[in-house]
Amino acid sequence: MSQFLQTIVFGLATGSLIGVAALGLTLSYGVTGFINFAYGELLTVSAFSTWLGVTSGLPLVVAAAVAVLVVAGVALLLDHAFYQPLRGRGAMPLLITSIGLSFVLQNVLRMGFGADPRPFPVPLVRPWTIGSVFVPPVQAVVFATAVIAMAVLHVLLRRTMLGRRMRATAENDALARLSGVRTTATLRVTWVVSGLLAGLAGLMLGATETNVTATMGFVFLPVVFAAVILGGIGQPYGAMAGAMVVGIGMELGATYLSPDYTLAFAFAALVAALLFRPHGIFRGGATRGT
Amino acid sequence: MWGWLAFGSSLVTLALIYSLLAMGLDVQYGLAGLLDFGLVAFFAVGAFTSAIVTLPPLGSSGYEGNYTIGFGLPFPVGVVAAGVMGGLLALLVGATAVRLRGDYLAIATFALATIVQITLSNETWLTRGQFGISVIPQPLRTLVPSSNGYLHAYLVMTAVITGAGWAVARRLAKSPFGRALRAVREDEIATRSLGKQTSALKLKAFVIGGIYAGVAGSLWVHSIGGVHVNQFVAIITFQVWLAVLLGGAGNATGVVLGSFVLVALREGTRFLDLVPGASNLGRVNPTFLPSLRFVVIGMLLVVVVRVAPDGILPERRGRRADAGAGSRESVAAATEAPS
Amino acid sequence: MSLAGHDLPAQQQSDAVMVVDGITKRFGGVVAIDNATFTVQRGAITGLIGPNGAGKTTMFDVMTGQQAPDRGRIELDGRDVTSWQADRRARAGLVRTFQIPRPFLGLTVWENLLVAGTDATDEGIVTALSPRGRHPAQGIVDRADDVLALLTLEHLADDMASTLSGGQRKLLELGRAMMRQPDVVLLDEPTAGVAPRLRESLVDRLRGLHEQGLTLVVVEHDLPFVMDLADRLVVMHLGAVLIEGDPDTVRSDQRVLDAYLGGLHG
């Protein structure tokens, strides 16, 4: 029983990490209409920036904050230089472009920092014990961060004009433009918000894996895809729920089936979701696509 | 001089193997519009199949490694088995996945390729996992004793197989089958409303791609003589994508050309070592030059999609005159005139 | 309440090539088609009319199998085809065109016609690799030649469909449907966007096809045009079938007038 509870605790933490990453990806997918394959690298950039900041003397919190802002800037820059010029040509060119950018970013980082893993500067703290279950503080922080990120995004989407514009653009780009929404500006803001969430997720990924490599985001990306698809593309709440399913599923699979296939469980869930519920298991209202 | 010739020979062999991969992807994407982001899985399965089929069995006289599975069958069996296994995996994946809308298929195949790689690295009884399989038998080896001569002989054999693949791909593209695939690519709903079983058409295209990639895997594994799970990373898939987009999707000759350009570019970056600054950097950071190569490939994907979406050789159109049509034109027009 | 079945002589009634029986289709909370029933007589031109949003295009989607109805059944040639996919219904002789034409943009006009005319048996991989795959069957080439001539698209044969005007695309779609040698053709606004000069000849072509025994169902906004062309009319309003009958009956029906006026003001 305690092994089961322990697994659930780890699963919640893993799910939180996946969830924050999935929020950013599903948001940009919902509004822009294509899957950003360079999204994983945004997480990597965040982790590298934090490492760089701390090794050059910044306090961890400052370095982390700077890293998140850097990632938002990178997301905006990629949109401006590469994605905007391809608007109106369908999803395929954007998809291929994002893959190209993914390899560029990944390998620029490797050119700069080499292939050796760098330690993510997270303080070592003794885990708390609740009954017979261990709760490492890092995982508690990851979980709390996910809850806060979800709450802030909820307020942003539901309670602000900006959120309404984003949802309008996601529903119908042309119609939103007709009703006076400046869709280009809305898309830019979407990339910034997506980037901020990616930055946050990068910190969480670094803290969880305790080190930083150039491929960490790319390797993690399919897991995020799984959560996004399970939740229904463009559905923030669905993405979070999907992430919890994937996270807990991965931990349960690793504990009770085989730790070698942890990632494969996530992808199997993804493929199953694609085949049986292509609109997501938690699909709520109408979204783009058919 | 002979060293350079051998180097050139092995590069051309590599380009021909990439050409097979590119032609396979071209049937899937160029003709049928299927976004296969997991092509490397079929390549990997072909490579391991061919290796295992041709390895001498445990305890036999030719046995010299630590592997436990081997069938000791001749190389041609390995090539055929690789194609069959590549096609079977594609059938298994495609039977359900080809129904998915474009970008969902991209994600599904991408994830499935990762599952295949995880499986191959964990099932060590089959693949020897992180140790890899070495001393894989090389075909014709006894006939051509000199190692340079062998490279040339292998090149000729690869050229013959790739040439056959090219002829088939061209015929497919020009045939009614290819035309139906292109219709599916353009508008699946309209194609279905004309009575075509579009899922079956897409599945066939997907399986053909798997067969090409499987055969490519076999040729590759025997040219290198060893195989390791970590060789089959996602970047292989996207290098093939670059070859297809660069050469011209839907044109078999184009994608072969694209593959040669890809290999030339990729191997060309080796010579950056000769640039004084670069060689210093390479000493400090050994991953610098290999990484630079992938930066170039990634950038090219971005540039090709943006400025040359049709590639070097665009798709060929079926012309009316080629069909021997128009001969009855005057008759048809005459019968219509009075109405 | 449909008038069909009461006013028609028994012999004509039995010659229904398609029966739409109690079809209901909802999208979320919106009822697009509401318990609609009517028949399509063999060899007739049936006009399917009604104000915007009456459910005409959705009806085509359900008749061709592109959308599954929530309730009701579709009969084609006496067979219940409700569970058949769109491609199977097409192979059984039912073809359609689309309101916004969907030619294969990346194929030439000629290739568009050949694709439509070729049967699945000739689209196999074995055929592709055999000498037979080199050239299309002469029968198909001849038919495509005739269709090109009929639609006056000969000069555009080798042009990409993406370069055609809206009206030319409509014609190409009609040509593609004709290549299938169908029994029933559903035409969704066949004259929308077609130049007035071509329009005349298009109407002649449609009449010509009708005389050859083809069954046509036409969705059309241009009422005078469809009143003139059609033998029978089915009027839809807010997803329901309002009345079914010959043009004179429909013209004098108060409910139809109300529906159109209501449509204009609502």
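Computed from a predicted structure; not experimentally measured. Here is how names work: the chains are called A, B, and so on, in the same order as the sequence lines, proteins then strands, and each is numbered from 1.
Taking a 6.0 Å sphere around CZ of Arg42(C), one finds it holds more than 12 heavy atoms contributed by other residues, nucleotides or ligands. By the 6.0 Å contact criterion, CZ on Arg26(C) is open, its count of non-hydrogen atoms from other residues, nucleotides or ligands being 12 or less. Other residues, nucleotides and ligands place no more than 12 heavy atoms under 6.0 Å from the CZ atom of Arg316(B). The number of heavy atoms from other shown groups lying within 6.0 Å of CE (Met63(C)) is above 12.
Nearest heavy-atom pair across Gly124(C) and Phe177(B) is O-CB, 3.8 Å. Taking all atoms of both residues into account, the shortest heavy-atom contact from Val95(C) to Ser193(B) is CG1-O, 3.9 Å.
You'll find the side chain of Gln85(C) stays beyond 4.5 Å of the side chain of Gln197(B), heavy atoms only. Taking the side chain as every heavy atom from C-beta outward, Phe104(C) and Leu194(B) approach each other to under 4.5 Å. In this structure the side chain of Asp87(C) never reaches within 4.5 angstrom of the side chain of Lys196(B), judged on heavy atoms.
Only the side chain of Thr108(C) comes within less than 4.5 Å of a heavy atom in chain B; its backbone stays farther off. Both the backbone and the side chain of Arg102(C) have a heavy atom closer than 4.5 Å to some heavy atom of chain B. No part of Leu181(B) comes within reach of chain C, as not one of its non-hydrogen atoms sits under 4.5 angstrom from that chain. Looking at Leu148(C), the atoms closer than 4.5 Å to chain B (heavy atoms on both sides) all sit in the side chain, from C-beta outward. Interface remark: Thr198(B) contributes no atoms to any contact with chain C (heavy atom separation under 4.5 Å). Heavy-atom distances place the side chain of Gln66(C), and not its backbone, under 4.5 Å from chain B. At a 4.5 Å heavy-atom cutoff, the contact between Arg176(C) and chain B is made by backbone and side-chain atoms alike. Proximity to chain B (any heavy atom under 4.5 Å) is restricted, for Ser130(C), to the backbone atoms N, CA, C and O.
For the set Leu113(C), Ile125(C), Asp122(C), Thr127(C), the entry with the most heavy-atom pairs within less than 4.5 Å of chain B is Ile125(C). With chain C as partner, the option from Ala190(B), Ala183(B), Ser175(B) having the largest number of non-hydrogen pairs under 4.5 angstrom is Ala183(B). Interface remark: of the candidates Ile140(C), Leu105(C), Thr64(C), Asp204(C), Leu105(C) forms the most heavy-atom pairs closer than 4.5 Å to chain B.
Taken to the nearest 0.5 Å, the CG atom of Leu114(C) stands 4.5 Å off from the CZ atom of Arg179(B). Residue Arg192(B) holds its CZ atom at 12.0 Å from CZ of Arg89(C), rounded to the nearest 0.5 Å.
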